[in-house]
Amino acid sequence: MGKTKTTRMPKTYKIIFIGTPEYSVPTLEALIADERFKVAAVITAPDAPVGRKQILTPPPVKVATQKFNLPILQPSKLCGKDVAVQRLYGELRDIKPDAIITIAYGQIIPPEILNIPKFGCLNLHASLLPKYRGASPIQAAVKNGDAQSGVTLMKMDEGLDTGPVIAQEKITIANNETGESLHDKLAKLSAQTLLKYLPDYLAGKITLQPQDDIKASLAPKLTRQNGCIDWTKPAVEIERLVRAYYPWPGTWSTWDTHTLKIISVSSKILKSAGNQPGSIFKYNEKLAVQCGENALVIETLQLEGKKLMSAEEFLRGYGNIVGATLRAVSPTSPTK
RNA sequence: CGCGGGGUAGAGCAGUUGGCAGCUCGCCAGGCCCAUAACCUGGAGGUCGCCGGUUCGAGUCCGGCCCCCGCAA
């Protein structure tokens, strides 16, 4: 495909891409593949030590970028008055980008950068803003049992996911949706949404819609601690929590002195009452746990130090868990 | 040297102060039954992660190494 005798070759927009994790990759690749855009540089987080062995690992966006031989910048920070940061600003200005596209970068973008591109700095967010501003919109949608989710393309301002909306695309949340599956769907949808609306936006054909701050909600960054299961809650809520927090931050409880990760539970809720919340009983060769309302059947679990296994396998070696009671080790303060 | 758990039959586990290697499930064969994923009987299947040491004797005690996993980051 050459540009041999293109008579009306449309303008190629110069883009700076900013992103870090796997979630950002489909959008980056879509931009690179699209001839209407030229990715002039990619900004991503520095390589970080990962895992028990603390092996220095490049972020997924860096790995993806390297295949195309594009310039990669990995500043440790974007704000400040140091020489390094000022030099970065200079480099970005010299590129003279038409737009900056950010998706899941992990750091606040300062005004100095927001103002560099001709058409501003755009962000793709994994929720239907103004719902679920913040770091964990995907988990929040599944956890709360929302019927749908989606992605929002917006022009960034200095606030946290508060900028005016360029476009939104919706998606239905399946009744067996997990954080992982929705993550993957929205990552692809983000790429499609960007390609669909970015050209019109750059051509000035789209009117931006301000967000209604009254309807805004926050989905803060999650930690493992958030995955502690409160068995006094209704089974339906816990079932959604387990799905929402798979694979990150995961859900867990404690059996005696051991941490027990709950990997997956059956979507079928057991009608049952009377037992103490957290108490374990056998149900069809599997484990069931009494909740505040009804009970859950555990499908897959992992005892600390052990490999992940099915409830049946687990029961062969740890039959003595039947009759025990799972407890939350620390009283989790209600988050919402 | 960040903290901790673990490697024993195909799977999941037990193995007490060193003394013939066990349990549950699965698998194979036979039996019972109208029938069965149920029940009964029998059977196969293990270099106890690797190397070395102590000992009459090591899954077990000592030293070194490899691998898996939870936490923390």
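Chain letters run A, B, ... following the sequence lines, proteins first and then strands; every chain starts at 1.
Using a 4.0 Å cut-off between a side-chain N of Lys or Arg and a carboxylate O of Asp or Glu, E169(A) and K196(A) qualify as a salt bridge. Ionic pairing of E293(A) and K233(A) is not present here: no N-O contact between side-chain nitrogen and carboxylate oxygen is shorter than 4.0 angstrom. A salt bridge does not link R87(A) to D82(A): none of the charged nitrogens lies less than 4.0 Å from a carboxylate oxygen.
A donor-acceptor contact under 3.5 Å is not formed by the side chain of E313(A) with the base of rA11(B).
Pairing for rG12(B) is with rC23(B), a Watson-Crick or G-U wobble pair whose two hydrogen-bonding atom distances lie under 3.5 Å. Across all strands shown, rG4(B) forms a Watson-Crick or G-U wobble pair with rC69(B), both key distances being under 3.5 Å. Pairing of rU36(B), defined by two Watson-Crick or G-U wobble distances under 3.5 Å, is not identified with any nucleotide. Remark: rC61(B) base-pairs with rG53(B). Criterion, Watson-Crick or G-U wobble with two distances under 3.5 Å.
Rounded to whole Å, the separation between the C1' atoms of rA58(B) and rC50(B) comes to 16 Å. For the C1' atoms, the distance linking rC27(B) with rA37(B) amounts to 15 Å, nearest Å. One P atom belongs to rU36(B), the other to rC48(B), and the distance between them is 40 Å to the nearest Å. Look at the P atom in both rC51(B) and rA44(B): the space between them is 27 Å, to the nearest Å. Between rG10(B) and rU17(B), the two C1' atoms lie 34 Å apart (nearest whole Å). Straight-line distance between the C1' atoms of rG49(B) and rC68(B): roughly 10 Å, to the nearest whole Å. Taking the P atom of each, rU24(B) and rU60(B) are spaced 25 Å apart, rounded to whole Å. Nucleotides rG15(B) and rC20(B) have their C1' atoms positioned 14 Å apart, rounded to a whole Å.
Distance CG (L315(A)) to P (rA11(B)): 18 Å, rounded to an integer number of Å. Between E312(A) atom CD and rC13(B) atom P there is a gap of 14 Å when expressed in whole angstrom units. Look at CD on Q225(A): it is 12 Å from P on rA73(B), rounded to the nearest Å. Residue K307(A) contributes atom NZ, which lies 14 Å from atom P of rG49(B) at whole-angstrom precision. We find that CG of L56(A) is positioned 13 Å from C1' of rA73(B), with the value rounded to whole Å. Across the protein-nucleic acid pair, L287(A) atom CG and rC13(B) atom C1' stand 14 Å apart, rounded to whole Å. Note: CG (N284(A)) to C1' (rA38(B)) measures 14 Å, nearest angstrom. Rounded to whole Å, the distance from CZ on F314(A) to C1' on rG26(B) is 19 Å.
Side-chain proximity of R52(A) to rC13(B), rA11(B), rC71(B): nearest is rC71(B). Closest approach to the M309(A) side chain among rC13(B), rC68(B), rG70(B) is made by rC13(B) (side chain taken as heavy atoms from C-beta onward). Closest to the R316(A) side chain, of the nucleotides rG70(B), rA73(B), rU24(B), is rU24(B). Distance from the side chain of Q302(A) is smallest for rC69(B) among the nucleotides rC13(B), rC69(B), rC71(B).
Side-chain contact check for K62(A) and Q74(A): at least one donor-acceptor pair (N or O, by modelled atom type) lies under 3.5 Å.
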Quiz item: side-chain contact (heavy atoms from CB on, under 4.5 Å) between Y201(A) and K155(A): does it pass, once the steps are laid out?
Solution: CA-CA 10 Å; Y201(A) 166 77; K155(A) 182 169 182 180; 3.5 Å; yes

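Cluster partners of F281(A), using a side-chain heavy-atom cutoff of under 4.5 Å among ILVMFWY residues and allowing indirect links, are L270(A), Y283(A), V297(A).
Comparing L308(A) and V50(A) along RNA chain B, the residue whose closest nucleotide (by nearest heavy atom) sits nearer the 5' end is L308(A).
Under 4.0 angstrom from either OP1 or OP2 of rC13(B) there lies at least one side-chain N or O belonging to K306(A).
Within the 4.5 Å cutoff, the side chain of L186(A) has heavy atoms near those of the I171(A) side chain.
Here G319(A) lies out of heavy-atom contact (under 4.0 Å) with every strand.
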